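Notes for the one structure printed next.
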Amino acid sequence: MGYYEEGEQYFLHAYGRYDTVLDHGEGVYLYDTEGNKYLDFYSGIGVNSLGYGYPAYVEAVEKQLKTLTHVSNYFYTVPAIEAAKKVVEATRLSKVFFCNSGAEATEGALKLARKYYFLKHHKADSEVIAFHQSFHGRTTGSVKLTGNAHYQQAFGPLMEGVKYATLNDLESVKALLTDRTGAIIVEPVQGEGGVNPCTKEFLQGLRQICDEKDICLILDEVQCGMGRTGTIMTYFQYDILPDIVCLAKGIGCGVPVGAFVANAKFAKAMEPGDHGSTYGGNPLVTAAVSTVFDILKKDSIVENCKEVSEYLLEELDKVVKDYDCVVGHRGLGLMQGIVLNVPAKKYVQALLDEGVIVVTAGEKVIRLLPPLVITKEHVDEFITKLRKVLG
Ligand SMILES: *Cc1c(COP(=O)(O)O)cnc(C)c1O
């Protein structure tokens, strides 16, 4: 029996997996158990921004592994404090809560928004506005925020009080507002839903609505944050600040960690005992977070992302012109969707066979989430293989 068959025997079949079994990574390449090499243009779904085996990262995590890995949140640890300072400064917000995943970040953010509403209205009946085609996680709370019936239908009853508006349509949001609206949650660039960026007018419009009505604006930057779109937080490109931002994926570059970060006004609503996590922000993962921030800065990774993405966009423009099945591309920085007029799955498999790993987003979009450390040569390699597969 091969590795793949063995996996199929023992794993719950919650995923449709490729039959490639991965073994190790080096730089921006992955290798399978048979020695085949793959150019990584998905980073474990936008997680491994530094690629594989980045020396300063490995060194910092290894050192922490030998020093202290876990203590619970009854105690502070130095790596956690250092990471907290860096997250708060980078987001230009006030207080952070570390958790273990993106879903937990969105759950925690929603709890904080609800607590604020509760203190103000003395009742726990707040509503939240989310968006069609959004993605916020798979727990019974976060999956309700996820505006995609396919992920929800078998798992009810789910959390109450969620309404869905249409991205980039402010009127659709206004139509759902009530006296009970406590939060609006949105991805500045929808990831799973097809790589759909918010327009500036729309996100600024949401900020204005939330300011006027004292509603909590939660930005889910689990996928688009941490430099992926060319700025450390995507919302800096929109000239707004959220009340709470959700982070995960790229914040740990491979160790399981998430966070939500709140401004002073909302942070004040949380009191000891309101929320918790056994592992959340343990010294091992926060040492990783801390070193990720240091590396991004010291090695100008976000600047590299911006520069290489401009080159990628020029090349994608040419691809759009050359192939009838490619309708366009959209996204920000190194979070790009190649929009096809046919299902994308076949091309994703063909690229894998050619030695390039990408993912889909929605049915007809090939999603590119390469490590932020790629060079123009890697873009050339990708484009050559993409053209071969499209042709
Ligand atoms: C991946 C993702 C999540 C969920 O993160 P998990 O770590 O899988 O729980 C939430 N929001 C967005 C925008 C995501 O891309």
Side-chain angles (χ1 to χ4, degrees), residues 12 14-15 17 42-49 91 97-113 128-148 150-152 155 158-159 162 164 167 183-198 203 206 217-229 233-235 238 242 244-261 277 279-281 285 288-289 292 331-337 358-362 365 367-370 372:
L12 191 68
Y15 303 100
R17 293 184 213 249
Y42 94 122
S43 310
I45 322 184
V47 169
N48 305 313
S49 300
T91 55
F97 182 98
F98 286 114
C99 53
N100 311 287
S101 67
E104 285 181 36
T106 60
E107 290 265 355
L110 185 64
K111 280 179 74 179
L112 180 53
V128 53
I129 297 174
F131 291 87
H132 296 297
Q133 264 115 48
S134 62
F135 187 86
H136 301 291
R138 302 287 205 144
T139 58
T140 54
S142 61
V143 84
K144 181 72 191 199
L145 298 173
T146 295
N148 183 333
H150 173 73
Y151 293 151
Q152 298 179 348
F155 306 106
L158 301 174
M159 182 171 69
V162 183
Y164 306 99
L167 199 76
I184 298 177
I185 183 166
V186 65
E187 297 154 86
V189 184
Q190 285 187 337
E192 306 298 311
V195 195
N196 306 306
C198 289
L203 213 49
L206 290 184
L217 180 61
I218 303 171
L219 295 185
D220 182 348
E221 294 225 13
V222 166
Q223 192 163 147
C224 67
M226 292 305 293
R228 173 145 304 274
T229 61
M233 292 296 128
T234 302
Y235 54 76
Y238 292 81
I244 307 177
V245 65
C246 302
L247 300 169
K249 296 201 165 99
I251 197 176
C253 285
V255 297
V257 55
F260 63 93
V261 197
S277 166
Y279 287 128
V285 299
V289 171
V292 165
L332 286 176
L334 288 177
M335 179 173 183
Q336 293 291 331
V358 293
V359 281
T360 56
V365 178
R367 183 171 28 150
L368 310 180
L369 297 166
L372 307 185

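The figures that follow rest on heavy atoms only: side chains count, while hydrogens, waters and symmetry mates do not. Everything numeric here is computed off the predicted structure, so don't read it as measured data. Every number for a ligand or one of its atoms is a count from 1 in the order of the listing.
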- Query: Between Lys249 and ligand 1, which part of the residue brings a heavy atom under 4.0 Å of the ligand: side chain, backbone, both or neither?
  - Reply: side chain
- Message: Quick one, Phe131 with Ile184, criterion side-chain contact (heavy atoms from CB on, under 4.5 Å). Give me CA distance, side-chain angles, the key distance, then yes/no.
- Response: CA-CA 9 Å; Phe131 291 87; Ile184 298 177; 3.9 Å; yes
- To the nearest 0.5 Å, tell me how far Ser49 OG sits from Leu334 CG. 9.5 Å
- Message: Looking at Val189, is its backbone amide N or carbonyl O close enough to the side chain of Gln223 to form a donor-acceptor pair, meaning the two atoms are under 3.5 Å apart?
- Response: no
- Task: Could you tell me whether Asp220 and ligand 1 have an N or O pair separated by under 3.5 Å?
- Result: yes
- Using distance alone, determine whether His136 and ligand 1 share an N or O pair under 3.5 Å. no
- Message: Is it the case that ligand 1 has an N or O less than 3.5 angstrom from some N or O of Ala248?
- Response: no
- Could you tell me the separation between the CD atom of Glu107 and the OG1 atom of Thr139, rounded to the nearest 0.5 Å? 3.5 Å
- Test side-chain contact (heavy atoms from CB on, under 4.5 Å) on Leu219 and Leu203 and set out the steps. CA-CA 10 Å; Leu219 295 185; Leu203 213 49; 4.0 Å; yes
- Task: Applying side-chain contact (heavy atoms from CB on, under 4.5 Å), run through Leu167 and Glu187 and close with a yes or a no.
- Result: CA-CA 9 Å; Leu167 199 76; Glu187 297 154 86; over 6 Å; no
- Task: State the atoms of ligand 1, each with its element, that fall below the 4.0 Å cut-off from a heavy-atom position in Glu187.
- Result: 13 (C)
- Note on the structure: min-distance protein heavy atom vs atom 7 (O) of ligand 1 -> Gly102 N, 2.8 Å
- Message: Side chain or backbone, does Gln223 bring an N or O within less than 3.5 Å of an N or O on ligand 1?
- Response: yes
- Residue pair Cys224 / Thr229: nearest heavy atoms and the distance that separates them: O-CG2, 3.4 Å
- Message: I'd like to check which ligand 1 atoms, numbered from 1 as shown, lie under 4.0 Å from a non-hydrogen atom of Ser101.
- Response: 7 (O), 9 (O)
- Item | Contact atoms of ligand 1, heavy-atom distance to Ala103 under 4.0 Å | 4 (C), 5 (O), 6 (P), 9 (O)
